[in-house]
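First the structure, in the form of structure tokens, and then the observations on it.
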Amino acid sequence: GSHDSFSYWVDVKSPVGPDQATAIKRLARISLVRKIIKKWSVTQNLTFKEQLEGGIRYFDLRVSSKPGEIGQEIYFIHGLFGIKVWDGLKEMNSFLEQHPKEVIFLDFNHFYAMDDSHHHFLINRIRSAFESKLCCVECVEYVTLLYMWEKKHQVLIFYHHPLHQEYPFLWPGNKMPAPWANTTNVHKLLQFLETTLGERSRYGTFHVSQAILTPRVKTIARHLIRGLKNTLVHR
């Protein structure tokens, strides 16, 4: 799996996203500030296609409308806006068409500036992109690769919003728990992962181990120019 999977590209020319604090939005009117935000927002250097070719099968997705934009288009977001969700879904579907035995997990777990009409728009986009490849909600233990191949399903969608109840192909967010260590300390992270890995078999769910370090405000302040990769990733 990959974290903030879409954020291989963010738009430094667009306004800062609604996932950011008001103070950051004000500062980000300065283009240099947006460039610094990019250094802390980009968590991948591979496109969806390249990630799929590299073996990534679980995608961590955060999405948003663009406030003030006409229409209901939805974008990936992490500090700054990324590509349109529709473009990412089409790229994934193209890979699945070429590899009919591959299965992917799409975890839509953060939504910003979205009302119900935005959600219905996005959900219809998901349905249009994957159609019969979508696996409807089932007892987790039944969903083996053999089950998926027999049904010709290739996509499980986890949707962390109450509207999942209206669509049989949207799995509830609680079927994909992703406990988060929220630390910059490698030792604490490893301890946390050991503990949560030991607990996961109790729930009858899928499970994400978030093997990532998370910057705090002071981390960013101290290493402003170095960015996420040089400050935390190598560590």
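Model, not experiment: these values are computed from the prediction. The figures that follow rest on heavy atoms only: side chains count, while hydrogens, waters and symmetry mates do not.
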Exercise. Establish, yes or no, whether a centroid distance under 6.0 Å links the rings of Phe108 and His161.
Key: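 Between His161 and Phe108, which both carry aromatic rings, the centre distance is not below 6.0 Å.
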
Quiz item: Can the ring centres of Phe59 and Phe48 be said to be less than 6.0 Å apart?
Solution: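 Yes, the ring of Phe59 comes within the 6.0 Å limit of the ring of Phe48, centre to centre.
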
Any side-chain donor-acceptor pair under 3.5 Å between [X] and [Y]?
X      : Y      : value
Thr219 : Thr184 : no
His118 : Tyr112 : no
Asp116 : His119 : no
His78  : Asp4   : yes
Thr183 : Asn185 : no
Gln51  : Ser2   : yes
Asp107 : His160 : yes

Quiz item: Are the charged groups of Glu102 and Lys133 less than 4.0 angstrom apart, N to O?
Solution: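 Looking at Glu102 and Lys133, the cut-off is not met.
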
Practice problem: Could you tell me whether Glu73 and Lys66 make a salt bridge, using a distance below 4.0 angstrom between a side-chain N and a carboxylate O? | Solution: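 No salt bridge links Glu73 with Lys66.
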
Quiz item: Under the side-chain hydrogen bond (donor to acceptor under 3.5 Å, both in side chains) criterion, do His153 and Tyr147 qualify, and how do the steps go?
Solution: CA-CA 8 Å; His153 294 329; Tyr147 172 92; 5.3 Å; no

Quiz item: Parallel under 30°, tilted from 30 to 60°, perpendicular over 60°: which one fits the rings of Phe6 and Phe76?
Solution: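 Rings of Phe6 and Phe76: parallel, as their planes differ by under 30°.
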
Quiz item: Mind checking whether Phe206 and Phe158 have parallel, tilted or perpendicular rings, split at 30° and 60°?
Solution: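 Because their plane-to-plane angle is over 60°, the rings of Phe206 and Phe158 count as perpendicular.
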
When you measure from the side chain of [X] to the backbone N and O of [Y], does any donor-acceptor pair fall under 3.5 Å?
X      : Y      : value
Arg34  : Val12  : yes
Glu166 : Leu163 : no
Asn230 : Arg226 : yes
Ser14  : Asp11  : yes
Lys39  : Ile225 : yes
Thr195 : Gln191 : yes
Glu91  : Lys49  : yes
Ser7   : Thr43  : yes
Asn124 : His120 : yes

Work out which heavy atom in [X] is nearest to a heavy atom in [Y]; give both atom names and the distance.
X      : Y      : answer
Gly204 : Val140 : O-CG2, 3.4 Å
Phe81  : Pro67  : CZ-CD, 4.2 Å
Asp60  : Ser5   : N-OG, 2.7 Å
Ser209 : Leu193 : CB-CD2, 4.0 Å
Leu134 : Arg127 : CD1-CA, 3.9 Å

Side-chain touch [X]/[Y], heavy atoms, less than 4.5 angstrom:
X      : Y      : result
Arg222 : Ile220 : no
Arg57  : Val103 : no
Gln154 : Met148 : no
Leu80  : Val16  : yes
Ile123 : Phe169 : yes
Ser64  : Tyr75  : no
Val42  : Trp9   : no
Leu228 : Pro215 : yes

Quiz item: What about Met92 and Ile83, same hydrophobic cluster or not, with Ile/Leu/Val/Met/Phe/Trp/Tyr joined at side-chain heavy-atom distances under 4.5 Å?
Solution: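 Same hydrophobic cluster.
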
Quiz item: Are Trp180 and Val208 co-members of a hydrophobic cluster defined by side-chain heavy atoms under 4.5 Å apart?
Solution: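 Different clusters: Val208 never reaches Trp180 through Ile, Leu, Val, Met, Phe, Trp or Tyr contacts under 4.5 Å.
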
Practice problem: Only one of Tyr159, Trp171, Tyr58 passes side-chain contact (heavy atoms from CB on, under 4.5 Å) with Met176; say which it is. | Solution: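 Testing Met176 for a side-chain contact (heavy atoms from CB on, under 4.5 Å) against Tyr159, Trp171, Tyr58 leaves exactly one candidate, Tyr58.
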
